[in-house]
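For reference, the structure discussed in these notes is given below.
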Protein chains: 2
Amino acid sequence: MSDAADVLISHCRQAGQRITAPRRIIADVVARADDHPDVPEIYRRVAEIDPGISLSTVYRTVKIFASTGLVERHSFAGGRARIEPASEIHHDHLIDIESGAVIEFRSDEIERLQALVARELGFELTAHRLVLYGRPLARKARRTRKP
Amino acid sequence: MSDAADVLISHCRQAGQRITAPRRIIADVVARADDHPDVPEIYRRVAEIDPGISLSTVYRTVKIFASTGLVERHSFAGGRARIEPASEIHHDHLIDIESGAVIEFRSDEIERLQALVARELGFELTAHRLVLYGRPLARKARRTRKP
DNA sequence: CTCATTAATGAGAATGGTTCGCAAATGCAT
DNA sequence: ATGCATTTGCGAACCATTCTCATTAATGAG
Ligand SMILES: [Mn+2]
Ligand SMILES: [Mn+2]
Ligand SMILES: [Zn+2]
Ligand SMILES: [Zn+2]
């Protein structure tokens, strides 16, 4: 019962929706996820707490949370959507193409330029999607080597 | 039989693949597309030329062209992939959220910053995906109004 | 040009992620 | 506690894309 999960739950109530056991558990699992899990993975974590909750319910609930803006869905690869609890501060992602790891970053410069580019094209920027793909640089001075 | 289609076809031959009627037609349709059509749309255009060509073949052929780097597949919305012939100069896209129109743009500044950000995170940038979503600005001085 | 080889095609089935439909279960205002 | 509307679990349906496989057709040798 993390605080972030409470936010999800209170938004549920405010939207006239019922607070159910599945929703509490899913909210909790999503709120404490820091690794951009996909829905089946959330389902696995939820099942550890209550094996009776169905995959359908996880999909439905994540969708509801996403529609209230409390959860974000990213489509990094072509496959399944990756989920993360919405954070105060916006960020974009870099994918390590070797490990698949998701690294978060934030570039005010890029954000500013995006808005600028859109304006020059005659548009008001309403959203954007930026994903970088990269290969880890070989560091010259590794300090994990053995002496 | 556009010149761009010829490039696609010659690459086919070079890769030891056969030049077939379907491939010629699909290459031609893709090469002259300037609107980022999805595969079913390409299929429709192909069918106008030869109604016997199957959707499977269009999917297969587009995939082959994409693997040789001559065609690019974008996933703008969550739905189906949008196709475009690869161009010499890289560009990114802005989606008009009102009309769905795809506008191309290029920002050397953003490109540069992306590589910089990746490097700072310890990665060599190998690819990226940038899509802007915007609403058309209301122009103060419309010259399309009636006098 | 003809033939044999082998890749490509068309039709439809299969796939994988996600959503739907519905009967049964449950939350919540009274 | 009671009744009713919302949710749930289950399986079927969906949609874009890929796969299977028997048939067709491109290619290169002769
Ligand atoms: Mn993130
Ligand atoms: Mn384009
Ligand atoms: Zn951003
Ligand atoms: Zn770019």
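Keep in mind that the numbers below use all heavy atoms, side chains included, and drop hydrogens, waters and symmetry copies. Per chain, numbering begins at 1; letters A, B, ... match sequence-line order.
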Separation of atom CD1 in B:Ile19 from atom P in D:dG28, rounded to whole Å: 10 Å

Phosphate-side-chain proximity, B:Lys63 and D:dT17, N/O vs OP1/OP2 below 4.0 Å: no

Proximity to the side chain of A:Gln17 - top-ranked nucleotide from D:dT7, D:dT17, D:dG9: D:dT7

Short side-chain N/O contact to C:dT18 OP1/OP2 from A:Tyr59, under 4.0 Å: yes

Backbone N/O of A:Tyr133 and side chain of B:Thr126: donor-acceptor pair under 3.5 Å: yes

Out of C:dT6, C:dT9, D:dT6, whichever nucleotide has its closest atom nearest the side chain of A:Arg18: D:dT6

Nearest-angstrom distance from the residue atom CZ of A:Arg24 to C1' of D:dT6: 16 Å

B:Leu116 and B:Arg119, any side-chain heavy atoms less than 4.5 Å apart: yes

Residue mapping more 5' on DNA chain D - nearest nucleotide basis, A:Thr61 or B:Ala81: A:Thr61

Rounded distance (Å) that lies between atom P of D:dA16 and atom CG of B:Leu55: 10 Å

Nucleotide C:dG17, atom P - distance to OH of A:Tyr43 in whole Å: 14 Å

Presence of B:Ser56 side-chain N/O under 4.0 Å of C:dG10 phosphate oxygens OP1/OP2: no

Nearest-Å distance for atom pair CD1/P, residues B:Ile53 and D:dT23: 22 Å

Shortest non-hydrogen separation from A:Gly100 to A:Ile95 and the atoms involved: O-CG2, 4.1 Å

Sugar-phosphate, base or nothing in reach of B:Arg80, heavy atoms under 4.0 Å: sugar-phosphate

Candidate nucleotides C:dT18, C:dA11, C:dA8, ranked by approach to the side chain of B:Arg60 - the nearest: C:dA11

Touch class at under 4.0 angstrom, heavy-atom based, for A:Thr20 against every strand present: sugar-phosphate

Test: A:Arg44 and A:Glu41 ion pair at under 4.0 Å: yes

Contact under 4.0 Å: B:Arg23 side-chain N or O vs C:dA8 OP1/OP2: yes

B:Arg112 and B:Glu109 ion-paired at < 4.0 Å: yes

Atom-pair distance (CZ on A:Arg82; P on C:dT18), nearest Å: 11 Å

Nucleotide D:dG9, atom C1' - distance to CG of A:Asp50 in whole Å: 12 Å

